[in-house]
Amino acid sequence: MDTEIDKAARIEELRADASDCTRCDLANGRTNVVFGVGNPNSPLVIIGEGPGENEDKTGEPFVGRAGMLLDEVLRECKMLRKHVFITNVVRCRPTKLEAGRLQNRPPTADESNACITNWLEPTIATIQPLVILCLGAPAASAVIHKSFKMTQERGQFFESKYARYAIAGLHPAYILRQQGEAYDAARATLVQDVESARIKVIEARKEPPTTLF
Ligand code: URA
């Protein structure tokens with residue numbers, strides 16, 4: 001996996017393979033598989049939890065209100081979607097029926113594991129990012145460590161089997177549920193964590209490679 005074209009081509013292969021995935025029950029209720037968006041050659045991968053209603057409709061991650069907040073924060077850190085690769089722990093929308101309406105729910109362990117093994121891991125192995133930014137606890141548990149505690153561990157860098165550095169921040173959807181000063185404070189932590197990830201990429205690029213080949 002040496003050239004930029006190889007990475008982009010491999011991501012497109014994975015995307016095509018995932019488009020008819022039936023490896024977990026989420027396949028039954030989805031409109032679109034939400035594989036990922038952005039630059040497969042980016043040194044920074046951002047991982048959320050899973051698609052919501054808008055993402056399921058469009059096939060693109062983070063296009064609803066949470067996505068607008070993420071875009072705003074990326075812009076404040078001088079980045080655009082095309083500078084990073086954005087994906088999720090699961091690629092199909094997890095739903096539950098509540099009061100006659102389909103609502104989002106967190107993915108189960110089985111759903112997450114199926115998607116991590118079949119799609120997230122090959123995606124990260126292809127891109128080989130220097131830094132992964134996890135948004136929310138499900139992504140942090142998958143990438144950093146199983147018992148990740150957002151209140152105690154957000155904003156810190158960890159080694160990960162998936163990238164030289166991994167950091168987790170608050171999920172934009174969680175931030176949007178806060179009000180007043182709590183909203184401002186939560187939003188400020190996300191700006192700080194995205195900026196930390198950006199600076200870590202710059203620093204990591206100056207470090208010697210960790211492998212010979
Ligand atoms: N929340 C996520 O975690 N991912 C998305 O793609 C959209 C909302």
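Keep in mind it's a predicted model, so treat the numbers as computed, not measured. Counting starts at 1 for both ligands and their atoms, in listed order.
A salt bridge between E4 and K7 is absent, with no side-chain N of the basic residue lying under 4.0 Å from a carboxylate O of the acidic one. Between E13 and R10 there is a salt bridge, since a side-chain N of the basic residue sits under 4.0 Å from a carboxylate O of the acidic one. R30 has no carboxylate O lying under 4.0 Å from a charged side-chain N of D56, or vice versa, which leaves the two without a salt bridge.
Those atoms of ligand 1 that come under 4.0 Å of a heavy atom in P61, given as number and element, are 6 (O).
Nearest-residue assignment for atom 8 (C) of ligand 1 (options G48, G50, P138; heavy-atom criterion): G50. Closest heavy-atom approach to atom 6 (O) of ligand 1 among the candidates L70, L135, N88: N88.
Between E111 and the options R93, R91, R23, R105, a salt bridge (charged side-chain N to carboxylate O under 4.0 Å, His left out) holds for only R105.
Proximity of H171 to ligand 1 is established by a heavy-atom distance of less than 4.0 Å. Proximity of G67 to ligand 1 is not established, as no heavy-atom distance is less than 4.0 Å.
Residue-to-ligand polar distances keep A66 apart from ligand 1: every N/O pair is separated by 3.5 Å or more.
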message: Show, in sequence, the C-alpha distance, side-chain angles and deciding distance for T3 and D6, and conclude whether the side chain to side chain donor-acceptor pair (under 3.5 Å) test is met.
response: CA-CA 5 Å; T3 71; D6 288 341; 3.2 Å; yes

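Counting heavy atoms under 4.0 Å from ligand 1, residue E49 touches it through both backbone and side chain.
Using a 4.5 Å cut-off between side-chain heavy atoms of Ile, Leu, Val, Met, Phe, Trp and Tyr, L102 falls into a hydrophobic cluster with L97.
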